[in-house]
Amino acid sequence: AQSVSQHNHHVILSEAASLELGCNYSYGGTVNLFWYVQYPGQHLQLLLKYFSGDPLVKGIKGFEAEFIKSKFSFNLRKPSVQWSDTAEYFCAVKANFGNEKLTFGTGTRLTIIP
Amino acid sequence: DAGVIQSPRHEVTEMGQEVTLRCKPISGHNSLFWYRQTMMRGLELLIYFNNNVPIDDSGMPEDRFSAKMPNASFSTLKIQPSEPRDSAVYFCASSLGAGWEETQYFGPGTRLLVL
């Protein structure tokens, strides 16, 4: 069965700092990968996704993620964070076949200090 | 596009009462998902439907939980009887297709508090 690990539970950064949130998955086959964001009091929104092609994926709000197949990783990055990026970030993976469901990581809470 | 619509947005009830959560997926989407989010367990998939048929309900915690999708534009998640440990935010999501093209769009959630 597939699983997702987000090692950073809570990250605190100052504005303009660079961000990298880790995401590792365990599944040997082809996968679809996602990052979702949940702003305080709001619902989940899709930040970006990877299905195939260029392993460097660009999403909304200046976020990007790189799929490194050899490391089973899909880390989320942003070169310069803003206070408005304060939110919880969820990595998710889905095996690219059959009825495998979308599996979420436990989330990383990001706090940006002005 | 109205997005995924959930009602009610907030529900406070007493232990033992029946709770019904409602979801309207995005028009044209043929997969629907129910999730529960708690501080302790994070985001958990409870059940999902494809073309109104339940595909995987292995995440439904126990018999007190049931979900239906009578048509392509409506689904309910029912808890009977409710217990305090059911307090959580319940999200509904929908997607177009159930294969590798799947991207789920989430509703605003129903915040449930069982006293």
Side-chain angles (χ1 to χ4, degrees), chain A residues 1-10 21 23 25 27 29-53 57-60 65 67 74 87-110, chain B residues 1-7 9-10 21 23-26 29-51 53-60 67 88-111:
Chain A
Q2 58 195 21
S3 65
V4 182
S5 297
Q6 291 183 246
H7 306 295
N8 312 109
H9 298 293
H10 189 191
L21 301 182
C23 173
Y25 66 93
Y27 179 72
T30 306
V31 293
N32 301 324
L33 296 157
F34 307 80
W35 275 98
Y36 285 86
V37 60
Q38 186 177 27
Y39 296 103
Q42 297 188 27
H43 58 285
L44 275 85
Q45 301 172 46
L46 182 66
L47 261 184
L48 48 80
K49 61 188 179 186
Y50 171 80
F51 285 166
S52 64
V57 180
K58 294 194 183 300
I60 61 172
F67 170 50
F74 190 56
E88 188 139 15
Y89 293 81
F90 294 89
C91 181
V93 63
K94 183 188 178 301
N96 190 11
F97 82 100
N99 291 327
E100 283 292 331
K101 54 195 176 188
L102 188 65
T103 301
F104 284 84
T106 51
T108 296
R109 185 153 61 100
L110 176 65
Chain B
D1 190 341
V4 176
I5 299 172
Q6 289 187 247
S7 65
R9 294 292 305 276
H10 301 272
L21 311 180
C23 175
K24 178 178 167 51
I26 292 173
H29 282 191
N30 57 5
S31 290
L32 183 141
F33 307 81
W34 282 103
Y35 290 90
R36 177 172 67 177
Q37 185 180 39
T38 61
M39 291 288 289
M40 293 298 294
R41 300 172 69 92
L43 195 63
E44 304 172 277
L45 177 68
L46 300 177
I47 184 171
Y48 80 93
F49 296 84
N50 181 245
N51 292 325
V53 176
I55 302 300
D56 184 349
D57 65 354
S58 59
M60 296 286 263
V89 181
Y90 291 81
F91 288 102
C92 176
S94 71
S95 70
L96 183 62
W100 65 276
E101 278 291 335
E102 178 183 296
T103 298
Q104 296 184 19
Y105 297 86
F106 283 74
T110 295
R111 190 173 295 274

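Within every chain, numbering begins at 1; the chains are lettered A, B, ... in the order of the sequence lines, protein sequences first and strands thereafter.
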Sort T38(B) into side chain, backbone, both or neither according to what part of it lies under 4.5 angstrom from a heavy atom of chain A.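 Neither; nothing under 4.5 Å.
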Can you tell me which portion of L43(B) sits under 4.5 Å from chain A's heavy atoms? Options are side chain, backbone, both or neither.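 Both backbone and side chain.
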Under the side-chain contact (heavy atoms from CB on, under 4.5 Å) test, residues paired with N8(A) that sit two or more places apart: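 Testing N8(A) for side-chain contact (heavy atoms from CB on, under 4.5 Å), a comparison that skips the adjacent residues, returns V11(A), T108(A).
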Non-neighbouring partners of L46(A) that pass side-chain contact (heavy atoms from CB on, under 4.5 Å), sequence neighbours left out: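 F34(A), Y36(A), K49(A), T103(B).
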Heavy-atom closest pair, residues L44(A) and F106(B):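 Reported closest heavy-atom pair: O-CB, 3.6 Å.
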For the CD atom of Q37(B) and the CD atom of E88(A), what is their distance to the nearest 0.5 Å?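 It is 6.5 Å, given to the nearest 0.5 Å.
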Measuring heavy-atom distances to chain B, does Q45(A) have an atom under 4.5 Å in its side chain, in its backbone, in both, or in neither?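 Q45(A) has no heavy atom closer than 4.5 Å to chain B.
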